[in-house]
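A short write-up of the structure that comes next.
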Amino acid sequence: VGSLWHGRESYIAFIVRSLRQLLEIIDLEVQGSPVRVDGFKLRSVPPETDSPVHDLSGCLDLKGIGRFEPRLEYIANQLAGLLKAVELLSAGRPVAPTGFRLKKLAHWVRYDPYHHDPYTAVLQYLSWPCQTRCEFCLHQGDPPGTYTKSPYGWMTSIQEIKTRLKYWDPEARQSLPAKSEYNFYETLTHPRFKAIARAVRDKTRRPFTLVTSGNPLSTEMIDFLSSVAPVFLGVSLNSKSAQTRVQLMNDRDPVTSVESLARLREKQLPYFVSVTAFDAIEIEEIIQTIRWADRFDPYFIRINLDAHTRYSPVRRNLKTSMAKWRQIVASIRRIREDVDAPIIFQPAMMEERFFMKKNRLIVEGVVKNSPAWDAGLRAMDEIVSIGGIPIAYRTHARQLLHLHSVTGVDGFTLEYLRKGKPSRVTINGRSTSAAGPYRSEGIPVFQPYGILMRAGLDPDQLVNIGLLAQAHRAKKVLILTSELVKPSLKALIKENEAALAGLDLFLEVPGNTAHFGGDIVLGDLLVADDFTACITSWVRKRAMKPDLVIVPSTPFNSWGRDLTGKPYLAIEREASIPVEILTCERIQSLN
Amino acid sequence: MKKNETIGKEGNENPANNREEEFVFRFDFSSVQEESFYADPIVELFRRQISNLLEVVVLMDGEKQLKIDGFKFLNDSKTIYQLFVPGISGGE
């Protein structure tokens, strides 16, 4: 054994302790069967690195689940490290473990702030192949190794779903480690959907948020969904034309999908309509679809500005896409006043980027027959004060409106500008008509009094940048942002220069090239390698190093892992510059 | 022991009535990174143990976060082994 090691006994004791500790929480496996290990031999040379191909069936994707519970990856890495140094024995015979299994699942139940939500904790695992096959489906552009392209398969066994359900505590927000985040497949088509939905409903009264192509929304399914209410549906309508749905979505039953809106209204099941502005759909057809859908009182209509990764069959460059998105947003903004349902765009900041004053309190939409609607507030009104308190940023307005709504504040004044002209309304929370679609409860979307307003930037973030710079005694600070957020951040810094006095600030946008590529502009979809590449290139171009780099928190989860599972700490190691995370809200989120 | 089963027929999923075996959370080693920095298996073992640990915890000195990039053995205070980039400094 290694020549430097004089204390062989200490080394052996270390291995014994490490193995014993690991074997308290896991069992080792050989080719899927548990194996009992009772000894080991030290290796003088590491074993061959080529491990034989073995059966992965029933195994979970360690890389996927490791994003949410990296201690599992830690265990695997520790074991792999130990196996390079020792040969394990079982009853005196060598064994070569190929994997491990957890001894007690109860050890792994943990708090997660989002695991009060039935979809996030359980229902998402019912994802099942769609009955439609959309030409613009984002899963066609999944990079290799992601959820749907994993060699472990992407469908979850019923036994796993039931086990996850068993360990889920919605009130404590505790559950087993998640294994996916961006999972938008159908759940309504799963053969066990109804039974699982009923069992989930037995555990919580929280609303189910379910997205569907519309195809499974038969009368019988809508009746079932009503029986497990509250349910908030997202119907991927895309076009009111049955012919377009057949052509672009390969919908074999477009009539059921299109007619589902009338049935949902009749059953008073709240839903939103989603329309993807795909190249092959003319803008006029999108506008007709919006006007038509509005007749059935959707909660809102969401226009998805479609983007494609480098793996997608659709190829576009960012410049072309930006021009196209701008044109779509401009055309749809023109009809907003004619439509009752709020129209919102995805990505959220796109409308602000193209057409709006930055960081203002613009109301994105007002839900029909809500208190704000009844008071006369409408989309594009700019709030200036709430209850007599002047408000300058959306984050502050959201906090105050939320506080008012949860504490039952009623009859407060809201001052706003409409096309630049000052006006005021009194919001009376008890004055809602029963006509719908507005509901004060059971809608998992931020909508106090029916006002839809997504998160934004605020000066507190600049204060935090200042504090981070101070902690590092940094003067030159490089802030990495996204194509969508940069103009708003620039405006925020300009309006609040005093907050960052004495600092040399530089803003830079990393290209989304390491993972997704294509015309993806969302900062939330950047990965650690994008940030590292951006810093390296910035340093090379400017021939100087910043004292500190600040990256947004939103591409990283609570463990600081990006979509590929890489920790943000790697950016600092690889770029050799101090890196800090700035906590930001996910602007895409509707809640 | 049987492996995890897949989809069955529609039934009562109420966990209170569920007497079935739990799903076993199983993992294989195939996705574990195999890259070794040091030929000496002892040094490499400790490098991996420490670098793995630093992927899930931040070491602290009082209130101060420590940023660690290497280690040395207590019986050889001159040789420093890098954790994330192959290399040795100090010593011979």
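Computed from heavy atoms alone, side chains included, the values below leave out hydrogens, waters and symmetry copies. None of the values given here were measured: they were computed from a predicted structure. Within every chain, numbering begins at 1; the chains are lettered A, B, ... in the order of the sequence lines, protein sequences first and strands thereafter.
Of the two parts of A:L105, only the side chain, counted from C-beta on, holds a non-hydrogen atom closer than 4.5 Å to a non-hydrogen atom of chain B. Within the 4.5 angstrom heavy-atom criterion, only backbone atoms of B:L54 (N, CA, C, O) approach chain A. At a 4.5 Å heavy-atom cutoff, the contact between A:L82 and chain B is made by backbone and side-chain atoms alike. Only the side chain of A:L569 comes within less than 4.5 Å of a heavy atom in chain B; its backbone stays farther off. For a residue to count as touching a neighbouring chain, one of its non-hydrogen atoms must lie under 4.5 Å from one of that chain's; by this rule A:P97 touches chain B with backbone and side chain alike.
Here CG of A:L62 is found 12.5 Å from CZ of B:F25. Values are rounded to the nearest 0.5 Å. To the nearest 0.5 Å, the span separating CG on A:L165 from CZ on B:F23 amounts to 14.5 Å. To the nearest 0.5 Å, atoms CD (A:Q78) and CG (B:L45) are separated by 8.0 Å. Atom CD of residue B:E55 and atom CG of residue A:N77 lie 8.0 Å apart, to the nearest 0.5 angstrom. With rounding to the nearest 0.5 Å, the separation of CD in A:E574 from CZ in B:F84 is 10.0 Å.
Electrostatic pairing of B:E44 and A:K84 does not count as a salt bridge here, judged by no charged N lying under 4.0 Å from a carboxylate O. A salt bridge does not link A:E160 to B:R26: none of the charged side-chain nitrogens sits closer than 4.0 Å to a carboxylate oxygen.
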Handout entry: Verdict with reasoning, B:E21 to A:Q159, per side chain to side chain contact (heavy atoms under 4.5 Å, CB included)
Key = CA-CA 8 Å; B:E21 267 184 48; A:Q159 200 185 6; 3.9 Å; yes
Exercise for the section: Tell me, with the steps shown, if A:E29 and B:F29 meet side chain to side chain contact (heavy atoms under 4.5 Å, CB included). Expected result: CA-CA 10 Å; A:E29 284 188 355; B:F29 292 137; over 6 Å; no
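The shortest side-chain heavy-atom distance between A:R573 and B:K67 does not fall under the 4.5 Å cut-off. Inter-residue side-chain proximity for B:F27 and A:I26 is flagged as unmet; no heavy-atom pair is nearer than 4.5 Å.
Among the candidates A:R561, A:E73, A:R164, the residue making the largest number of heavy-atom pairs closer than 4.5 Å to chain B is A:R561. No other option in A:F100, A:Y167, A:W559, A:W108 has as many heavy-atom pairs under 4.5 Å with chain B as A:F100.
Listed here is the closest heavy atom pair of B:R48 and A:G81: NE-CA, 3.7 Å.
Atom CG of B:L74 has 12 or fewer heavy atoms from other residues, nucleotides or ligands within 6.0 Å.
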